[in-house]
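First comes the structure, then the notes that go with it.
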Amino acid sequence: MGRVWTAIGLMSGTSMDGIDVALLQTDGETLVLRGPSAGYAYDARFRERLKQGLDDARSIGKRDERPGTLAELERDLTERHADAVRTFLRENNLLEEKIDVIGFHGQTVLHRPDHALTVQIGDGALLTRETHIDVVYDMRANDMIHGGQGAPLIPAYHAALARGLSERGEIDAPVVFVNIGGISNLTFIGGDGVIAYDSGPGNTLIDQWVEAHAGIPYDQGGMIASEGAVLPELAKRYLSHPFFTAEKRRSLDRNDFAPPSGSEASLEDGARTLAHVTAAAIIQSARHLPAAPATYVACGGGRLNPVIMRDLASLADATGARVLAAEALGLNGDSMEAEAWAYLAVRSLRGLPLTYPQTTGVSHPVSGGRLAAKPEA
Ligand SMILES: Nc1ncnc2c1ncn2[C@@H]1O[C@H](COP(=O)(O)OP(=O)(O)OP(=O)(O)O)[C@@H](O)[C@H]1O
Ligand SMILES: CC(=O)N[C@H]1[C@@H]2OC[C@@H](O2)[C@@H](O)[C@@H]1O[C@H](C)C(=O)O
């Protein structure tokens with residue numbers, strides 16, 4: 001057996017709810033041994049700073065610009081990631097010298113694939129100084145330089161997981177991994193390889209809706225949505241967006257879809273309608289796949305919203321497919337993205353591809369990421 005790396009993955013996603021941390025032992029190819037994981041929530045004040053950062057980022061023209069509050073925010077975000085690593089190591093009785101690399105996503109503050117511009121704040125050099133562990137970061141940029149959408153990057157990891165599952169005969173193929181995050185994305189594992197793309201708005205619409213109209217960060221357990229009814233015209237307005245019928249699959253920015261205005265629906269009906277839109281967008285986008293999926297493996301926080309999951313199961317059933325939460329297959333739907341960043345960091349160190357023409361539209365398989373090497377002891 002070849003070399004095995006011990007990697008930590010760090011993910012701060014478009015929901016901006018906190019930092020997901022996961023440990024993986026992997027060769028960056030077929031060997032994947034999942035270790036402990038954790039989530040460290042941002043406080044409300046820092047979430048507000050992140051939202052301000054998204055506004056400040058709108059004026060960015062070149063990816064290294066840090067207008068407004070972004071320079072200070074990037075430093076503080078990185079310090080929080082260093083704290084998360086230190087806490088994770090302590091909570092799991094791990095020694096930093098036993099960790100070969102950290103895969104550091106940072107926080108996407110701007111994503112404009114049509115302009116080959118994607119910006120994730122996160123200072124790899126600062127993180128390695130703070131943790132004394134090598135850091136691979138900025139993993140989306142090279143894909144865009146070669147014509148890709150810069151996202152999604154998780155498909156290479158989904159493919160590694162799927163190999164294990166199909167060897168154990170646990171799922172009916174074709175399988176689709178669906179990440180129901182702030183934005184949702186699909187990874188199709190079929191006979192002729194992997195196909196992936198963003199499938200539409202995810203939790204971000206519900207989150208913004210309940211934050212604006214109930215002052216809470218998300219609809220826990222879908223409690224509010226369960227009190228409401230789907231408004232067909234409002235749902236249709238979202239599901240008839242040209243994103244779904246465009247010839248070319250596009251990756252999404254958090255702000256590509258906006259929540260309804262407060263006058264268009266009650267709190268409950270708005271939450272219910274947006275939960276339906278989240279589920280229906282997945283099935284609608286799956287129509288672009290080369291074959292109808294037989295199994296959807298749901299990961300990401302949206303799988304914890306029963307209203308989304310009920311609609312998804314019902315809509316998938318109508319196409320002959322079933323929906324499983326990642327946990328039903330012994331996977332962890334909360335830590336999967338952080339696991340992926342650990343996996344991709346090892347692939348980056350080995351110069352292996354992170355993205356492919358059929359996952360981001362990149363011209364050819366390309367690796368990516370920048371290495372911030374730990375300071376000499
Ligand atoms: N118990 C719950 N009930 C309902 N919704 C939940 C629950 N827990 C999490 N969520 C939803 O999941 C979201 C977080 O999901 P996740 O962490 O997968 O998003 P993300 O990784 O930030 O997004 P992306 O994948 O787009 O980067 C929360 O903002 C919330 O909308
Ligand atoms: C630019 C960016 O951060 N995109 C995210 C977002 O969140 C979900 C979806 O859109 C996905 O394409 C991507 O993140 C996941 C982790 C990915 O790159 O696979």
Side-chain angles (χ1 to χ4, degrees), residues 9-20 37 39-42 47 50 54 57 63 103 105-113 117-122 138-141 143-144 148-159 177-187 194 196-211 216-226 249-257 271 274-275 278 285 298-309 326 332-341 343-344 354-355 359-361 368:
L10 301 175
M11 172 51 70
S12 182
T14 58
S15 294
M16 301 187 293
D17 53 351
I19 300 166
D20 293 327
S37 60
Y40 303 100
Y42 293 133
R47 288 189 77 218
L50 287 172
L54 268 60
R63 59 193 327 274
H105 178 268
Q107 183 69 51
T108 296
V109 291
L110 185 72
H111 187 66
R112 292 196 181 127
L117 180 63
T118 187
V119 181
Q120 285 74 43
I121 58 172
D138 199 15
M139 293 193 219
R140 299 186 187 277
D143 178 79
M144 273 203 170
Q149 289 283 309
L153 267 56
I154 199 170
Y157 182 61
H158 283 157
F177 282 83
V178 55
N179 164 60
I180 311 175
I183 303 290
S184 294
N185 53 286
L186 301 178
T187 303
V194 177
Y197 44 83
D198 283 1
S199 55
N203 300 301
T204 185
L205 290 178
I206 303 169
D207 290 355
Q208 293 180 67
W209 176 257
V210 297
E211 189 143 43
I216 51 177
Y218 63 92
D219 182 11
Q220 170 128 15
M223 298 295 285
I224 296 174
S226 65
R249 304 280 56 79
R250 279 188 71 249
S251 57
L252 290 171
D253 178 277
R254 179 184 185 270
N255 293 323
D256 282 342
F257 286 82
L274 294 175
T278 299
S285 287
C299 46
R303 81 190 191 292
L304 303 174
N305 183 324
V307 179
I308 292 175
M309 292 300 281
N332 183 329
D334 285 330
S335 62
M336 199 171 287
E337 291 183 333
E339 293 168 27
W341 251 250
Y343 181 76
L344 293 168
L354 307 188
T355 58
T359 61
T360 64

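As the structure is a computational prediction, the values presented were derived from the model and not from experiment. We count ligands from 1, going down the list as the structure has it; atoms in each ligand are counted the same way.
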So what's ligand 2 close to, N/O to N/O, under 3.5 Å?
from, atom 1, to, atom 2, distance (Å)
ligand 2, 3 (O), T108, OG1, 2.7
ligand 2, 3 (O), R140, NH2, 3.3
ligand 2, 12 (O), D198, OD1, 2.7
ligand 2, 12 (O), D198, OD2, 3.4
ligand 2, 14 (O), R140, NH2, 3.1
ligand 2, 18 (O), R140, NH1, 2.8
ligand 2, 18 (O), R140, NH2, 2.9
ligand 2, 18 (O), L153, N, 2.9
ligand 2, 19 (O), L153, N, 2.9
ligand 2, 19 (O), I154, N, 2.8

Give every pair formed by an N or O atom of ligand 1 and a protein N or O atom closer than 3.5 Å, one pair per line with both atom names and the distance to 0.1 Å, or write none.
from, atom 1, to, atom 2, distance (Å)
ligand 1, 3 (N), G221, N, 2.9
ligand 1, 3 (N), L304, O, 3.3
ligand 1, 10 (N), G301, O, 3.4
ligand 1, 12 (O), N203, ND2, 3.4
ligand 1, 15 (O), G301, N, 3.3
ligand 1, 18 (O), G301, N, 2.8
ligand 1, 19 (O), S15, OG, 3.2
ligand 1, 21 (O), E337, OE1, 2.9
ligand 1, 22 (O), T14, N, 3.3
ligand 1, 22 (O), S15, N, 2.9
ligand 1, 22 (O), S15, OG, 3.4
ligand 1, 23 (O), T14, OG1, 3.3
ligand 1, 23 (O), G182, N, 2.8
ligand 1, 25 (O), N179, ND2, 3.0
ligand 1, 25 (O), E337, OE1, 3.4
ligand 1, 25 (O), E337, OE2, 2.8
ligand 1, 26 (O), T14, OG1, 2.5
ligand 1, 26 (O), G182, N, 2.9
ligand 1, 26 (O), I183, N, 2.9
ligand 1, 26 (O), I183, O, 3.4
ligand 1, 27 (O), T14, N, 2.8
ligand 1, 27 (O), T14, OG1, 3.4
ligand 1, 29 (O), D207, OD2, 2.6
ligand 1, 31 (O), D207, OD1, 2.6
ligand 1, 31 (O), D207, OD2, 3.2

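Heavy-atom minimum distance, A196 versus P152: CB-CG, 4.1 Å. Closest non-hydrogen pair, N185 versus D198, comes out as CB-OD1, 3.4 Å.
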Exercise. Would S15 and N203 satisfy side chain to side chain donor-acceptor pair (under 3.5 Å), going step by step from the backbone distance to the final call?
Worked result: CA-CA 7 Å; S15 294; N203 300 301; 4.8 Å; no
For this session: Quick one: do E337 and N179 satisfy side chain to side chain donor-acceptor pair (under 3.5 Å)? Show the steps, please.
Result: CA-CA 9 Å; E337 291 183 333; N179 164 60; 3.1 Å; yes
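Applying the ring-ring contact (aromatic ring centres under 6.0 Å, His included) criterion to H105, with sequence neighbours excluded, gives W341. Scanning for ring-ring contact (aromatic ring centres under 6.0 Å, His included) contacts around Y42 gives F46, with sequence neighbours left out.
I206 has its side chain within reach of I308: a pair of non-hydrogen atoms, C-beta onward, lies under 4.5 Å apart.
Judged by distance alone, the side chain of Y157 and the main-chain N or O of M336 form no donor-acceptor pair under 3.5 Å.
Here the OG1 atom belonging to T278 is positioned 12.0 Å from the CE atom belonging to M309, to the nearest 0.5 angstrom.
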